[in-house]
K.L.:
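Sharing a structure here in structure tokens format.
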Amino acid sequence: MEYTVQKLGAMAGISTRTLRYYDEFGLLKPARINSSGYRIYSQAEVDLLQQILFYRELGLTLEAIRDIVTSPSFDSAHALREHHEKLLQRRKQLDELIANVEHTLAESEGRITMSNEQKFTGFKQKLIEDNEQKYGQEIREKYGEKAVEKSNRMVNKLTEEQYAALQQLEADMFAALEQAMEEGDSASTLAQKAADLHRQWLSFYWDTYTKEAHAGVAQMYVDDERFTAYYDKRRPGLAAFLRDAVHVYTGAKQ
């Protein structure tokens, strides 16, 4: 079976403009161009488009998807197993949030009593799931499967007070970081306060802290565009400034 760009777009629920962009971007090339100049897609391209849309649903950038699907080691069957596992994790997190809402409604109607810990069921899992979708592949490659799973278990065990402290630490770190950036000195007292707050924030995820690992994470914020975007959406250049501050803090850069 072969498809024109219009037929494939209609079947997949995406625009022909998107398919043409995927072609120009080097993400999804048609099998051939017919004598009339139309893009023609075969079964192989249909299967690849399915993989691309799975990755998009999981939040990956087009650049990251292109790197994955064009790699000589790309294994479509393995990729499908990964998609399946991630979707199961997402369903579990949504089920927990739905149950949380149902229990909260029941409590408001006087039918049950919820502990404070129960009120946060699902939110910690969402934090883990969000991190998995955005950075799971990179952090597993860098730190290993066991280290990441151990970190996830630590987050799931956070008490209400610890979870609130984690959120406040990140807010305080960003506030100090943005103020320090205005001064323009990554070695300033305020910049080093931000670096220390970042260390404290990381310690909620890590059971063991080292300066080398801290410096490595800060460098990854600059090397990986998704981490960079997370920090730079607050202020352009924030990821690089944090990296510099952490390198001073850890002695990685004098």
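Small disclaimer: the values here were computed from a predicted structure and weren't measured.
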K.L.:
Applying side-chain contact (heavy atoms from CB on, under 4.5 Å) to L166 and Y205, what does each step give before you reach the verdict?
P.N.:
CA-CA 10 Å; L166 176 65; Y205 297 92; 3.7 Å; yes
K.L.:
Under the rule for salt bridge (Lys or Arg N to Asp or Glu O under 4.0 Å), what residues qualify as partners of K29, not counting sequence neighbours?
P.N.:
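Checked K29 against salt bridge (Lys or Arg N to Asp or Glu O under 4.0 Å); matches are D23.
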K.L.:
Can you name the side chain to side chain contact (heavy atoms under 4.5 Å, CB included) partners of R91, sequence neighbours left out?
P.N.:
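Only L88, D95 meet the side chain to side chain contact (heavy atoms under 4.5 Å, CB included) criterion with R91.
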K.L.:
Does S203 use its side chain to pair, donor to acceptor, with the backbone of R199 at less than 3.5 Å?
P.N.:
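Indeed, once roles are kept as given, a pair shorter than 3.5 Å links the two residues.
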K.L.:
When you measure from the side chain of T250 to the backbone of V246, do you find a donor-acceptor pair of N or O atoms at a distance under 3.5 Å?
P.N.:
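Yes, T250 side chain to V246 backbone: donor-acceptor pair under 3.5 Å.
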K.L.:
Applying side-chain hydrogen bond (donor to acceptor under 3.5 Å, both in side chains), can you list everything that pairs with S76, at least two apart in sequence or on another chain?
P.N.:
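side-chain hydrogen bond (donor to acceptor under 3.5 Å, both in side chains) list for S76, sorted by chain: empty.
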K.L.:
Could you tell me which residues satisfy side-chain hydrogen bond (donor to acceptor under 3.5 Å, both in side chains) with E82, sequence neighbours excluded, listed by chain and number?
P.N.:
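Only H78 meet the side-chain hydrogen bond (donor to acceptor under 3.5 Å, both in side chains) criterion with E82.
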K.L.:
With hydrophobic residues grouped by side-chain heavy-atom distances under 4.5 Å, do M1 and V46 end up in a single group?
P.N.:
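Yes, it is one cluster - the side chains of M1 and V46 are joined through contacts under 4.5 Å.
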K.L.:
Please enumerate all residues that pass side-chain hydrogen bond (donor to acceptor under 3.5 Å, both in side chains) together with E178, with sequence neighbours excluded.
P.N.:
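For E178 there are no side-chain hydrogen bond (donor to acceptor under 3.5 Å, both in side chains) partners, ignoring immediate neighbours.
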K.L.:
To the nearest 0.5 angstrom, please state how far the CG atom of L53 sits from the CD1 atom of I14.
P.N.:
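Between L53 CG and I14 CD1, I get 5.5 Å after rounding to 0.5 Å.
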K.L.:
Enter the distance from M220:CE to F227:CZ here, rounded to the nearest 0.5 Å.
P.N.:
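Those atoms lie 4.0 Å apart.
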K.L.:
Would you please test L238 and M181 for side-chain contact (heavy atoms from CB on, under 4.5 Å) and show each step?
P.N.:
CA-CA 7 Å; L238 200 64; M181 194 173 176; 3.6 Å; yes
K.L.:
Would you confirm whether the ring centroid of F241 sits within less than 6.0 angstrom of the ring centroid of Y231?
P.N.:
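Not under 6.0 Å, so no.
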K.L.:
Testing the basics here: between A165 and F204, what is the closest heavy-atom pair and its distance to 0.1 Å?
P.N.:
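Minimum heavy-atom contact is CB-CZ, 4.1 Å.
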K.L.:
Could you tell me the separation between the OG1 atom of T18 and the CG atom of L27, rounded to the nearest 0.5 Å?
P.N.:
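Interatomic distance, T18 OG1 to L27 CG, rounded to 0.5 Å: 11.0 Å.
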K.L.:
To the nearest 0.5 Å, how far apart are CG in L8 and CG in L28?
P.N.:
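Those atoms lie 7.0 Å apart.
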K.L.:
Using side-chain heavy atoms (C-beta onward) and a distance below 4.5 Å, is L197 in contact with K193?
P.N.:
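Answer yes - side chains close enough.
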K.L.:
Checking the side chain of S71 only, and the main-chain atoms of S73 only, is there a donor and an acceptor separated by less than 3.5 Å?
P.N.:
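Here the side-chain-to-backbone pair exists.
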K.L.:
Please round to the nearest 0.5 Å and tell me the distance separating atom OG1 of T210 and atom CG of L202.
P.N.:
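Reported to 0.5 Å precision, the distance equals 10.0 Å.
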K.L.:
Tell me every residue that passes side chain to side chain contact (heavy atoms under 4.5 Å, CB included) with E63, counting only those two or more places apart in sequence or in another chain.
P.N.:
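Testing E63 for side chain to side chain contact (heavy atoms under 4.5 Å, CB included), a comparison that skips the adjacent residues, returns F25, T61, R66, E225.
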K.L.:
For A79 and F74, work out which heavy atoms get closest and say how close.
P.N.:
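Minimum heavy-atom contact is CB-CE1, 3.9 Å.
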K.L.:
Mind checking what makes side-chain hydrogen bond (donor to acceptor under 3.5 Å, both in side chains) contact with D185, not counting sequence neighbours?
P.N.:
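In terms of side-chain hydrogen bond (donor to acceptor under 3.5 Å, both in side chains), with neighbours along the sequence ignored, D185 is linked to no residue.
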K.L.:
With sequence neighbours left out, write down each residue that passes salt bridge (Lys or Arg N to Asp or Glu O under 4.0 Å) with R56, or none if nothing qualifies.
P.N.:
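R56 satisfies salt bridge (Lys or Arg N to Asp or Glu O under 4.0 Å) with no residue once adjacent residues are dropped.
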K.L.:
Cluster question for you: counting only ILVMFWY and a side-chain heavy-atom cut-off of under 4.5 Å, with indirect links fine, are L242 and L190 together?
P.N.:
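Cluster IDs for L242 and L190 differ.
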K.L.:
Which residues satisfy the salt bridge (Lys or Arg N to Asp or Glu O under 4.0 Å) test with R235, sequence neighbours excluded?
P.N.:
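In terms of salt bridge (Lys or Arg N to Asp or Glu O under 4.0 Å), with neighbours along the sequence ignored, R235 is linked to E182.
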K.L.:
Going through the checks in order, is the side-chain contact (heavy atoms from CB on, under 4.5 Å) test met by R39 and T4?
P.N.:
CA-CA 6 Å; R39 294 172 172 85; T4 62; over 6 Å; no
K.L.:
Do L62 and Y22 touch side chain to side chain, with heavy atoms closer than 4.5 Å?
P.N.:
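Yes; the side chains approach each other to less than 4.5 Å.
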K.L.:
Tell me every residue that passes side chain to side chain contact (heavy atoms under 4.5 Å, CB included) with D223, counting only those two or more places apart in sequence or in another chain.
P.N.:
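Checked D223 against side chain to side chain contact (heavy atoms under 4.5 Å, CB included); matches are Q219.
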K.L.:
Considering all heavy atoms of both residues, which atom of G26 and which atom of T70 are nearest to each other, and what is their separation?
P.N.:
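Result for this residue pair: O-CG2, 4.2 Å.
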K.L.:
Please check if the side chain of D232 supplies one atom and the backbone of A239 the other of a donor-acceptor pair under 3.5 Å.
P.N.:
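Confirmed, D232 side chain pairs with A239 backbone.
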K.L.:
When you compare the side chain of V69 with that of Y55, does any pair of heavy atoms fall below 4.5 Å?
P.N.:
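Side chain of Y55 against side chain of V69, heavy atoms only: contact under 4.5 Å found.
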K.L.:
What distance separates L177 CG from E170 CD, expressed to the nearest 0.5 Å?
P.N.:
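It is 11.0 Å, given to the nearest 0.5 Å.
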K.L.:
Are Y41 and Y38 connected, step by step, through hydrophobic side chains (Ile, Leu, Val, Met, Phe, Trp, Tyr) whose heavy atoms are closer than 4.5 Å?
P.N.:
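Result: no, two separate clusters.
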K.L.:
Which atom pair, heavy atoms only, marks the closest approach of A240 to V222?
P.N.:
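Minimum heavy-atom separation between A240 and V222: CA-CG2, 3.7 Å.
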K.L.:
What pairs of residues pass the salt bridge (charged side-chain N to carboxylate O under 4.0 Å, His left out) test when at least one of them lies in residues 1-19, not counting sequence neighbours?
P.N.:
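Non-adjacent pairs meeting salt bridge (charged side-chain N to carboxylate O under 4.0 Å, His left out): E2-R32.
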K.L.:
Does any N or O in the side chain of D244 come within less than 3.5 Å of the main-chain N or O of S186, such that one atom is a donor and the other an acceptor?
P.N.:
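Side chain of D244 to backbone of S186: no pair is present.
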K.L.:
Is any side-chain heavy atom of I68 less than 4.5 Å from a side-chain heavy atom of L60?
P.N.:
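They are in contact (side-chain heavy atoms under 4.5 Å apart), so the answer is yes.
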K.L.:
Could you tell me which residues satisfy side chain to side chain contact (heavy atoms under 4.5 Å, CB included) with Q192, sequence neighbours excluded, listed by chain and number?
P.N.:
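Listed in chain order: A245, V248, Y249.
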K.L.:
Grab the two heavy atoms, one from V5 and one from L19, that are nearest each other, plus how far apart they are.
P.N.:
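Closest pair (atom of V5, atom of L19, distance): O-CD1, 3.4 Å.
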K.L.:
Taking the six-membered ring for Trp and the single ring otherwise, decide whether the centroids of H198 and Y221 are under 6.0 Å apart.
P.N.:
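Ring centres of Y221 and H198 closer than 6.0 Å.
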K.L.:
Kindly determine whether Q51 and L80 satisfy side-chain contact (heavy atoms from CB on, under 4.5 Å), including the steps that lead there.
P.N.:
CA-CA 8 Å; Q51 292 284 3; L80 282 172; 3.4 Å; yes
K.L.:
Is there a donor-acceptor contact under 3.5 Å from the side chain of Q179 to the main chain of A176?
P.N.:
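The answer is no, because no donor-acceptor pair under 3.5 Å joins these two groups.
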